[in-house]
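Step one of this worksheet: look at the structure below.
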Amino acid sequence: MTAATGPVATGSTPATALEPGSWPALLAPRLAHFAAVARTEHVTRAAEELGMPQSTLSRSLARLEAELGVDLFARHGRTLTLTPAGRAFSASVERALGEVEKAAETVRADADLTSGKVAFGFLHTMGSETVPALIRAFRADHPHVRFTLVQNYGEWMIEALRAGRLDLCLTSPVPDAPDLVARRLDEQRLRLVVPEDHRLASRRRIRLAEAADEAFVTLEPGYGLRRITDALCAEAGFRPRVAFEGEEAETLRGLVAAGLGVALLPPPAVPRPGVVELTVTAPRAVREIGVAWMSGHPDTPPVAAFKRFLLSRRGHLLPG
């Protein structure tokens, strides 16, 4: 055999899979050819199995051996037997091709309209009622579509969209970014939640400015509801004095019940004892809920179907 003619390392950074000049990019087109001959140990039968001319297959094998710089077969006319190097290489090639086959079957299954998969993200506050109701209604017509469900805050979900970990997300505020498509679906009123023994607890309605001197419990910076809270308080003429920060709205409701402050929160799924929820008359205290996805990314059939379903719920996304 001649010296190996495969990739040559340049600099300190090795070639990665399928990068031009890498071993996978160089060898991948010929691995299936090698595997077929290794199984049959006969060029003619392997060529028939692959549906290609025998001469083309023979040239492919010769090129593969030249690139590796190793004899993979001992030749006896048209019959071949694996050399020790060929047997070692064959075991690895079969594993690699098996993994490719499994990966191909997985992505094909995930893209199937009737039983494919949707990776869907949503806010924690959407998890108890809104999302279960949406999925139940969608699966009335698509009973076998599978979901990967992720609860998190808005900015995390946007980054998950960009990283390809999510297909769609239900978030607030509705994002505005050039690489995203976002559609407003609904809005949700926010209420000022106070302890049941608070000085304002006897009220039904309140202007947010009347809470300017109160301690607030809020979500941490980076959460959409925190940005909305800060913006509404600024519109009311004050900056909220933050006593505690949390990661989940119902935790904040519990802190309010414990007397640690007041909070601007969406309605609870189930009424919580120990707090009173006041309608805010000014400024208009709402948060917009929208769906977002990556611009220019093609949808699989199940993702497209679920996207159409969500858009059809515009104006009546939320329960009640």
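On a predicted model such as this, the values are computed, not experimentally measured, just so you know.
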Spell out, as yes or no, whether a donor-acceptor pair under 3.5 Å connects the side chain of D167 to the backbone of A119.
yes

Taking every heavy atom of V174 against every heavy atom of A182, the minimum-distance pair comes out as CG1-CB, 3.6 Å

Considering residues, nucleotides and ligands other than R165, do more than 12 of their heavy atoms fall under 6.0 Å from its CZ?
yes

Under the 3.5 angstrom rule, does the side chain of T229 hit a backbone N or O of L225 as a donor-acceptor pair?
yes

Common cluster, F120/V107, ILVMFWY with side-chain heavy-atom separation under 4.5 Å:
no

Determine, using the 4.5 Å side-chain heavy-atom cutoff (strictly less than), whether L185 and F309 are members of one ILVMFWY cluster.
yes

If only atom types and distance count, is the side chain of R207 paired as donor or acceptor with the main-chain N or O of V280 below 3.5 Å?
no

Sidechain-backbone polar pair: R241 side chain, D213 backbone, donor-acceptor under 3.5 Å:
yes

How far apart are the closest heavy atoms of I158 and P175, and which atoms are they?
CD1-CG, 3.9 Å

What's the shortest heavy-atom distance between G154 and L123, and which atoms?
N-CD2, 3.8 Å

Determine, step by step, whether H124 and E247 satisfy the side chain to side chain donor-acceptor pair (under 3.5 Å) criterion, reporting the C-alpha distance in whole Å, the side-chain angles of both residues, the deciding distance to 0.1 Å, and the verdict.
CA-CA 9 Å; H124 289 94; E247 296 181 348; over 6 Å; no

For E155, is there an ion pair with R226 - N to carboxylate O distance below 4.0 angstrom?
no

Are any of the side-chain nitrogens in E99 or R95 under 4.0 Å away from the carboxylate oxygens of its partner?
no

Where is the tightest heavy-atom contact between Q151 and F122, given as atom of each residue plus distance?
CG-CE1, 2.9 Å

Exam field: side chain T281 to backbone R205, donor-acceptor pair closer than 3.5 Å
no

Main-chain N/O of L317 paired to R313 side chain as donor or acceptor, under 3.5 Å:
no

Is a donor on one side and an acceptor on the other found under 3.5 Å between the side chain of T83 and the backbone of L72?
yes

Would you call R272-E196 a salt bridge at under 4.0 Å N-O?
no

Kindly determine whether H144 and T114 satisfy side chain to side chain donor-acceptor pair (under 3.5 Å), including the steps that lead there.
CA-CA 6 Å; H144 301 299; T114 59; over 6 Å; no

Kindly indicate whether a cation-pi arrangement holds for R162 with W156, taking the cut-offs as under 6.0 Å to the six-membered ring centre and within 45° of the axis.
no

Exam field: side chain R314 to backbone R184, donor-acceptor pair closer than 3.5 Å
yes

Ionic contact status for R39 with E49, cut-off 4.0 Å
yes

Is R75 salt-bridged to E65, cutoff N-O under 4.0 Å?
yes

Just checking, is any N or O donor in the side chain of Q54 or T44 under 3.5 Å from an acceptor N or O on the other one?
yes

Salt-bridge contact E277-R253 (side-chain N to carboxylate O under 4.0 Å):
yes

Taking atom types as modelled and ignoring hydrogens, do the side chains of R87 and S90 form a donor-acceptor contact shorter than 3.5 angstrom?
no

Dump the intermediate steps for ring-ring contact (aromatic ring centres under 6.0 Å, His included) on F216 and F244, then the final yes or no.
CA-CA 7 Å; F216 276 71; F244 294 93; over 10 Å; no

Return yes if a side-chain donor-acceptor contact under 3.5 Å exists between S172 and R227, otherwise no.
no

Can you say whether the rings of F34 and F73 are parallel (under 30°), tilted (30 to 60°) or perpendicular (over 60°)?
tilted

When the ring planes of F138 and H142 are compared, do they come out parallel, tilted or perpendicular, using 30° and 60° as the limits?
parallel

Might you point out which heavy atoms bring A201 and P195 nearest each other, and give the distance in Å?
CB-O, 3.6 Å

